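The first residue in the sequence is number 1, and the count goes up from there. Here the structure is a predicted model, which is why all the values come from computation and not from measurement. Below, each value reflects all heavy atoms present in this structure, side chains not excepted, and no hydrogens, waters or symmetry copies.
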Amino acid sequence: MAKDGHSDVVTAPEVDSLIEQAKAAFLKKFGRPAEYCGIAPGRVNLIGEHTDYNDGYVLPVALPNVTVVVGSPKLTPGPSRVATLSDQVGDPKEEVIEARPKPPTAKSAGWANYVKGVVANFNGQLGVIQPFEALITTSVPIGGGLSSSASLEVATYMFLAAMTKQMLHINYRNVAKACQTAEHQFAHMPCGIMDQMISCLGKPGTAMLLDCRSLETEFVPLDDPEVVILITNSNVKHKLTGSEYPTRKASCVNAAKLFGLPSLRELDMKRLKERQKDMDEEMFRRVRHVVTEIRRTKEAAEALKAKNYTEVGRLMNESHVSMRDDFEISTPELDQLVAAAQTVPEVYGSRMTGGGFGGCTVTLVKSSGLHKAIDVMRETYAGKATFYICQPASGCRGMELQT
């Protein structure tokens, strides 16, 4: 990754340079040129956390940090072979992928499971995919809450679509659904649809307001040169395959059943308070977060349309308090970074982002105060953070490479 000024301030490498890196590594590894390529971005969610699996709203942007998958059909019989260049993973550097992968029996976040899941769900699995050889590289931080898993899933799907000549007929919402299913089945993670949708559909200079019930999208301009998205990685790795994420989702599902509703999307605070005595304090706080976060997300999108960044920031700050106190998914490190950012006058708002329990914060800041915000966070934070200066980028694509 390219770095700007301080060694802890990182800008995403150009996509073309990542493709060239992957092509060179593929040639060295497999002894022939790569013919096809899939690319998909990570994402940062401005607001709307743990609302996607509750049929609510989310407001993510696609990042310039991407995962690249290059490869070619296999020339000899046998299973597919996939290698990774990422030095961020401690897993084996190469994995074998059977023609019809089966989900692992135990929970595992190993990178190859995401690839296997996509192969198993590609195009509805209407037929066995021709064996292939592929190589993966990424600039999306692993375990940072920036959706490296969805980026890998969607990039893999794009590579397979390019290899099987399906790019002209692709339905990106169906791609997102297939990749979500892959994560459910092969990583045993009951995630919502947000990460895959923004990786598929992201547009430069916009945030995407996604209705997670209907999958309707609205692209809200976020291209003001005076406003910057600053992502701060606490470098406390988050892993969502533990019990915390499924437990919180189960709490939401059980609460919806208590109210006789298909999801918490239909619930408002008045009705929640009327039934507060019928649930324990923890469930009440969990549900309160979801109900208020859905409202905040819609309000933030309207404020963003009006370029009312002060209001967007206020809602982001409020969201962090809710995630910290009601949903209880923040960490002391994230709280420290958020509190530091909020002391800077040029900062509109700051919050933790992603599934929680580590990872990153997202800060909306005036460009004139960007480096002041970084300095304050760097000086205040007890750990060692990494800073990413971002503008909304484009979604996924697949292509045939020139050999």
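Side-chain atoms of Thr363 do not come within 3.5 Å of backbone N or O of Val365 as any donor-acceptor pair. A distance-only check finds a donor-acceptor pair linking the side chain of Asp280 to the backbone of Glu282 [under 3.5 Å]. In this structure, Gln180 contributes its side chain and Cys191 its backbone to a donor-acceptor pair below 3.5 Å. Between the side chain of Ser319 and the backbone N or O of Leu315 there is no donor-acceptor pair closer than 3.5 Å. In terms of modelled atom types and a separation under 3.5 Å, the side chain of Ser251 and the main chain of Thr247 share no donor-acceptor contact. Between the side chain of Thr232 and the backbone N or O of Tyr388 there is no donor-acceptor pair closer than 3.5 Å. Listed for the Ser199 side chain is a donor-acceptor partner under 3.5 Å among the backbone atoms of Pro41. Between the side chain of Ser234 and the backbone N or O of Gly359 there is at least one donor-acceptor pair closer than 3.5 Å. Gln336 contributes a side-chain N or O that, together with a main-chain N or O of Ala382, makes up a donor-acceptor pair within less than 3.5 Å. Although no hydrogens or angles enter the test, the distance criterion places no donor-acceptor pair under 3.5 Å between the side chain of Asn233 and the main chain of Thr386.
Checking each of Thr297, Val58, Thr353 against Ile47 for a side-chain contact (heavy atoms from CB on, under 4.5 Å) leaves exactly one that passes, namely Thr297. If you run side-chain hydrogen bond (donor to acceptor under 3.5 Å, both in side chains) between Ser322 and each of His289, Arg351, Arg285, only His289 comes through.
Under a cut-off of 6.0 angstrom, the local environment of NZ in Lys249 is crowded, with over 12 non-hydrogen atoms contributed by other residues, nucleotides or ligands. Counting heavy atoms of neighbouring residues, nucleotides and ligands inside a 6.0 Å radius, atom CD of Glu281 exceeds 12 of them.
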Notebook entry, point to check: Could you walk me through whether Val69 and Val115 pass the side chain to side chain contact (heavy atoms under 4.5 Å, CB included) check?
Noted result: CA-CA 10 Å; Val69 180; Val115 177; over 6 Å; no
Note to self: For a side chain to side chain contact (heavy atoms under 4.5 Å, CB included) check, start with the C-alpha distance between Lys165 and Glu400, then their side-chain angles and the critical distance, and finish with the verdict.
What the structure shows: CA-CA 9 Å; Lys165 314 294 186 184; Glu400 187 170 350; 3.5 Å; yes
Margin query: Show, in sequence, the C-alpha distance, side-chain angles and deciding distance for Tyr172 and Met158, and conclude whether the side chain to side chain contact (heavy atoms under 4.5 Å, CB included) test is met.
Written below: CA-CA 10 Å; Tyr172 288 97; Met158 289 297 100; 4.1 Å; yes
Notebook entry, point to check: Given the rule in the side chain to side chain contact (heavy atoms under 4.5 Å, CB included) test, do Met269 and Arg288 qualify, once you have shown the distances and angles that lead to the verdict?
Noted result: CA-CA 7 Å; Met269 280 303 300; Arg288 180 169 61 185; 4.1 Å; yes
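Of all non-hydrogen atoms in Leu334 and Gly358, the two that sit nearest each other are CD1-O, 3.6 Å. Shown here for Arg397 and Met167, the closest heavy-atom pair between the two residues is C-CE, 4.5 Å. Of all heavy-atom pairs between Gly349 and Asn317, the closest is CA-OD1, 3.3 Å. Across all non-hydrogen atoms, the minimal contact from Val338 to Ser350 is CG1-O, 3.6 Å. The nearest pair of heavy atoms linking Asp278 to Leu258 is O-CD2, 4.0 Å. Pairing each heavy atom of Ala40 with each of Ser151, the nearest pair is O-OG, 2.7 Å.
How far CG of Asn65 is from OG of Ser148: 11.0 Å, rounded to the nearest 0.5 Å. Taking CG from Leu337 and NE2 from His320, the interatomic distance works out to 9.5 Å, rounded to the nearest 0.5 Å. Rounding to the nearest 0.5 Å gives a distance of 9.0 Å between CG of Leu209 and OG1 of Thr217. Here Phe26 contributes atom CZ and Leu85 contributes atom CG; the two are 12.0 Å apart, rounded to the nearest 0.5 Å. For the atom pair CD1 (Ile193) and CG (Leu215), the distance works out to 6.0 Å, reported to the nearest 0.5 Å. Going from atom SG of Cys360 over to atom CG of Asn45 covers 12.5 Å, rounded to the nearest 0.5 Å.
In this structure the side chain of Met399 reaches within 4.5 angstrom of the side chain of Cys37, judged on heavy atoms. Cys252 places a side-chain heavy atom less than 4.5 Å from the side chain of Phe327. Under the 4.5 Å side-chain criterion, counting only non-hydrogen atoms from C-beta, Phe132 is in contact with Val82. When side chains are defined from C-beta on, Asp224 counts as touching Tyr309, because their heavy atoms get closer than 4.5 Å. Counting only heavy atoms from C-beta outward, the side chains of Ile229 and Pro392 approach each other to under 4.5 Å. Lys305 places a side-chain heavy atom less than 4.5 Å from the side chain of Glu218. In this structure, the side chains of Val287 and Val290 stay at 4.5 Å or more apart for every pair of heavy atoms. Residues Met189 and Tyr245 are in side-chain contact: their nearest non-hydrogen atoms beyond the backbone lie under 4.5 Å apart.
Judged by a 6.0 Å distance limit and a 45° cone about the ring axis, Arg275 is positioned over the six-membered ring of Phe259.
No salt bridge links Arg324 with Asp335; every basic N to acidic carboxylate O contact stays at or beyond 4.0 Å. Between Arg265 and Asp211 a salt bridge is recorded (basic side-chain N to carboxylate O distance below 4.0 Å). Ion pairing between a basic and an acidic side chain is recognised when a charged N comes within 4.0 Å of a carboxylate O; Arg296 and Glu299 show no such pairing. Comment: Arg43 engages Asp195 in a salt bridge, judged by a side-chain N to carboxylate O separation of less than 4.0 angstrom. With respect to the salt-bridge test (charged N to carboxylate O, under 4.0 angstrom), the residues Glu226 and Lys307 do not qualify. Ion pairing of Lys372 with Asp375 is absent here, as no side-chain N (NZ or NE/NH1/NH2) approaches a carboxylate O to less than 4.0 Å. Ionic pairing of Glu318 and Arg314 is present here: one or more N-O contacts between side-chain nitrogen and carboxylate oxygen are shorter than 4.0 angstrom. For Glu98 and Lys116, the salt-bridge test fails: no basic side-chain N is under 4.0 Å from an acidic carboxylate O. By the 4.0 Å N-to-carboxylate-O rule, Lys298 lies too far from Glu302 to be salt-bridged with it.
Glu14 pairs by the side-chain hydrogen bond (donor to acceptor under 3.5 Å, both in side chains) definition with nothing, not counting sequence neighbours.
Using cut-offs of 30° and 60° for the angle between ring planes, the His50 and Tyr53 rings count as perpendicular.
A donor-acceptor pair shorter than 3.5 Å cannot be found between the side chains of Thr51 and Glu293.
For Tyr114 and Phe186, the distance between ring centers is not under 6.0 angstrom.
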